[in-house]
2 protein chains.
Amino acid sequence: MRLLVLDFLFKQQAAVSLNDLEAAFHRADRITLYRTLKTFEEKGLVHSIVDGTGSVKYARCEEGCECAPEDLHVHFHCNLCNETYCLPKARIPEIALPENFKTEEISLIMKGTCASCS
Amino acid sequence: MRLLVLDFLFKQQAAVSLNDLEAAFHRADRITLYRTLKTFEEKGLVHSIVDGTGSVKYARCEEGCECAPEDLHVHFHCNLCNETYCLPKARIPEIALPENFKTEEISLIMKGTCASCS
DNA sequence: TCTTTGCCTGCAACTGCATTGCAATGTTTA
DNA sequence: TAAACATTGCAATGCAGTTGCAGGCAAAGA
Ligand SMILES: [Mn+2]
Ligand SMILES: [Mn+2]
Ligand SMILES: [Zn+2]
Ligand SMILES: [Zn+2]
């Protein structure tokens with residue numbers, strides 16, 4: 001099961017929600033798929049994306065990704081096709097914070113119209 | 001009711017969730033508070049923040065804010081005190097996107113330790 | 001003043017996503 | 001083979017967000 005899911009995830013262009021997975025593997029139990037995603041995330045195979053649509057998306061991590069701040073990239077959610085894409089080439093720039101703020105994670109979500117939809 | 005909530009919101013340093021409001025106005029109904037926030041957001045008095053904690057936060061808009069891309073600022077979620085702050089002085093820099101991506105909204109959430117907690 | 005109209009509020013119910021407990025099944029290891 | 005461990009499926013639960021409906025209140029009109 002996990003191998004099938006991993007294969008599926010690595011073939012996707014866009015990030016995948018639990019519902020997407022369920023639709024692709026209608027013979028597998030929703031909970032199994034849920035735990036599979038959690039396991040993959042824990043092991044650093046995928047990263048999760050909270051894009052504000054209400055359902056968390058998952059996408060594979062780049063080769064050698066540690067999910068560290070320097071590995072972070074922008075995510076883009078298209079309001080037309082409703083897909084969320086990783087933009088690994090759009091790195092998140094340094095942000096100047098007020099005194100004594102210590103950053104551990106950054107999430108940058110852009111919304112609009114993707115290339116396929118425009 | 002709305003006047004009380006508006007006054008409360010404008011006094012806060014950190015963004016406020018529906019649960020926060022409910023705790024502050026335990027005599028008011030949860031739904032009324034919910035709809036009050038929605039109304040304020042619709043009228044441009046507050047903006048909502050999806051910080052990935054599972055509950056949406058609300059904070060007042062700056063004077064003259066149109067919630068347009070140029071009004072956008074960074075939000076910071078402290079993992080210790082669990083508060084989410086607006087950082088209106090930390091503007092979101094321009095991000096270079098691939099060809100044909102059109103941006104309508106940007107959300108930049110930073111997580112870490114805030115000044116009060118460090 | 002009396003009535004109509006529209007807005008505000010509260011209760012109840014419902015949705016959808018995420019999460020956990022537990023038992024059954026399957027797989028590895030001693 | 002037997003024990004230990006990992007994976008899966010079912011059921012149930014929690015929680016944030018959302019909607020329908022009806023009563024109450026207050027402004028606007030007759
Ligand atoms: Mn990504
Ligand atoms: Mn803000
Ligand atoms: Zn699109
Ligand atoms: Zn803090």
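Letters A, B, ... are given to chains in the order of the sequence lines, protein chains preceding strands, and every chain is numbered from 1.
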Atom OH of B:Y34 and atom P of C:dC11 are separated, to the nearest Å, by 18 Å
Between C:dA18 (P) and A:E41 (CD): distance, integer Å: 11 Å
Side chains of A:H75 and A:C86, heavy atoms from C-beta outward: is any pair under 4.5 Å? yes
Could you tell me the separation between the CG atom of A:L3 and the P atom of C:dT27, rounded to a whole number of Å? 13 Å
B:K38 NZ to C:dC8 P, straight-line distance once rounded to whole Å: 17 Å
Spacing of B:D20 atom CG relative to D:dC15 atom C1', expressed in whole Å: 15 Å
Between A:L37 (CG) and C:dC17 (P), how many Å, whole number? 14 Å
Evaluate the side-chain proximity of B:F101 to A:T113: yes if any heavy-atom separation is below 4.5 Å, no if none is. no
Exercise: do B:S17 and B:N19 side chains pair donor with acceptor under 3.5 Å: no
What's the CZ-P distance between B:R30 and C:dA13, to the nearest Å? 17 Å
Can you pull out every salt bridge (Lys or Arg N to Asp or Glu O under 4.0 Å) where at least one residue sits in residues 7-30 of chain A? Sequence neighbours excluded, please. A:D7-A:K11, A:E22-A:R30
Are B:T84 and B:H77 close enough that a side-chain donor and a side-chain acceptor fall under 3.5 Å? yes
With a 4.5 Å limit on heavy-atom distance, are the side chains of B:L45 and B:T39 in contact? no
Between B:H26 (NE2) and C:dT9 (P), how many Å, whole number? 17 Å
Identify the pairs formed between an N or O of the protein and an N or O of nucleotides 7-10 of chain D at a distance under 3.5 Å, and give each distance.
{"unit_1": "D:dT7", "atom_1": "OP1", "unit_2": "A:R2", "atom_2": "NH1", "d": "2.9"}
{"unit_1": "D:dG9", "atom_1": "OP2", "unit_2": "A:D29", "atom_2": "N", "d": "3.3"}
{"unit_1": "D:dG9", "atom_1": "OP2", "unit_2": "A:T32", "atom_2": "OG1", "d": "2.7"}
{"unit_1": "D:dG9", "atom_1": "N7", "unit_2": "A:R35", "atom_2": "NH2", "d": "3.4"}
{"unit_1": "D:dG9", "atom_1": "O6", "unit_2": "A:R35", "atom_2": "NH2", "d": "2.5"}
{"unit_1": "D:dC10", "atom_1": "OP2", "unit_2": "A:D29", "atom_2": "OD1", "d": "3.2"}

